[in-house]
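Everything below concerns the one structure shown next.
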Amino acid sequence: METSAEPPWLSSDERQAWLTFVGVMMRLPAALDAQLQRDAGLSHFEYMVLAGLSEAPGRTRRMSDLAGFTESGLPRLSQVVGRLEKRGWVHRSPDPSDGRITLATLTQDGWQKIVQTAPGHVEAVRALVFDPLTKAQSRHLSDISQRIMHAIDPDDRRLRKTG
């Protein structure tokens with residue numbers, strides 16, 4: 001079976017948008033990671049684990065839910081939570097209602113770490129992402145990001161608009 005049809009190549013404008021977007025996808029995580037390492041001794045991923053726990057009821061989540069929140073697999077998450085446990089910021093325990101499930105809980109020291117770290121992180125996010133944009137562009141960024149996320153994962157519930 002021979003196919004001679006050309007693929008639908010990107011237009012010049014689409015190519016420019018794509019290359020710029022790829023640059024952002026590559027450089028933004030590195031910039032956020034550098035700020036967190038410098039100011040708090042945390043990787044961006046470690047920060048997201050702590051933040052995910054800080055926002056949960058009782059500062060506790062199932063490890064599987066935390067993996068979804070952090071966009072990671074359970075093996076990677078387990079390694080990172082293990083490091084955070086050694087630092088006294090997270091505690092793991094079996095779920096009392098189902099011993100097959102592991103819960104991760106933010107400790108009081110972990111809470112203090114996130115409280116100390118969050119202002120600098122928010123400042124970096126604001127400087128790198130939102131300050132260069134108008135309010136309208138920020139809304140467009142949200143809409144665009146949700147559309148892309150929906151194309152990647154139509155069932156993603158975390159990014160659904162509220163209100």
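What's counted below: heavy atoms across the whole structure, side chains too, no hydrogens, waters or symmetry copies.
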Looking at every heavy atom in both [X] and [Y], which two are closest together, and how far apart are they?
{"X": "Leu32", "Y": "His121", "value": "CD2-CE1, 4.1 Å"}
{"X": "Leu66", "Y": "Ala104", "value": "CD2-CB, 4.2 Å"}
{"X": "Ala67", "Y": "Leu77", "value": "N-CD2, 3.4 Å"}
{"X": "Pro132", "Y": "Ala127", "value": "CD-O, 3.5 Å"}
{"X": "Pro94", "Y": "Gly99", "value": "CB-O, 4.2 Å"}
{"X": "Leu103", "Y": "Pro96", "value": "CD1-CD, 4.0 Å"}

[X] side, atom [atom1]; [Y] side, atom [atom2] - distance, nearest 0.5 Å:
{"X": "Leu19", "Y": "Glu14", "atom1": "CG", "atom2": "CD", "value": "11.5 Å"}
{"X": "Ile114", "Y": "Asp109", "atom1": "CD1", "atom2": "CG", "value": "13.5 Å"}
{"X": "Leu74", "Y": "Gln79", "atom1": "CG", "atom2": "CD", "value": "12.0 Å"}
{"X": "Gln108", "Y": "Arg59", "atom1": "CD", "atom2": "CZ", "value": "6.0 Å"}
{"X": "His44", "Y": "Asp33", "atom1": "NE2", "atom2": "CG", "value": "8.0 Å"}
{"X": "Phe69", "Y": "Arg61", "atom1": "CZ", "atom2": "CZ", "value": "5.5 Å"}

Evaluate the side-chain contact (heavy atoms from CB on, under 4.5 Å) criterion for residues Thr60 and Leu106: first the C-alpha distance (whole Å), next the side-chain angles of each, then the deciding distance (0.1 Å), finally the verdict. CA-CA 6 Å; Thr60 299; Leu106 189 65; over 6 Å; no

Taking atom types as modelled, is there a side-chain donor on [X] or [Y] under 3.5 Å from an acceptor on the other?
{"X": "Asp95", "Y": "Ser97", "result": "yes"}
{"X": "Ser78", "Y": "Arg92", "result": "yes"}
{"X": "Thr20", "Y": "Gln16", "result": "yes"}

Above 12 or not: heavy atoms from other molecules or residues under 6.0 Å from [atom1] of [X]?
{"X": "Arg38", "atom1": "CZ", "answer": "yes"}
{"X": "Arg87", "atom1": "CZ", "answer": "yes"}
{"X": "Glu55", "atom1": "CD", "answer": "yes"}
{"X": "Met25", "atom1": "CE", "answer": "yes"}

Can [Y] be reached from [X] by stepping across I, L, V, M, F, W or Y side chains whose heavy atoms are under 4.5 Å apart?
{"X": "Val125", "Y": "Leu36", "result": "no"}
{"X": "Trp18", "Y": "Ile152", "result": "yes"}
{"X": "Tyr47", "Y": "Leu128", "result": "no"}
{"X": "Phe130", "Y": "Leu28", "result": "yes"}
{"X": "Phe45", "Y": "Val122", "result": "no"}

Backbone N/O of [Y] and side chain of [X]: donor-acceptor pair under 3.5 Å:
{"X": "Ser145", "Y": "Asp143", "answer": "no"}
{"X": "Lys113", "Y": "Ala40", "answer": "yes"}
{"X": "Thr107", "Y": "Trp89", "answer": "yes"}
{"X": "Gln137", "Y": "Thr134", "answer": "yes"}

Derivation and outcome, side-chain contact (heavy atoms from CB on, under 4.5 Å), residues Thr70 and Val80: CA-CA 11 Å; Thr70 59; Val80 169; over 6 Å; no

Tell me, do Thr117 and Asp39 make a side-chain contact under 4.5 Å, heavy atoms counted? no

Using side-chain heavy atoms (C-beta onward) and a distance below 4.5 Å, is Leu53 in contact with Val90?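 Result yes, sub-4.5 Å side-chain heavy-atom pair found.
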
side-chain contact (heavy atoms from CB on, under 4.5 Å) between Met63 and Val81: does it pass, once the steps are laid out? CA-CA 9 Å; Met63 287 287 286; Val81 168; 4.0 Å; yes

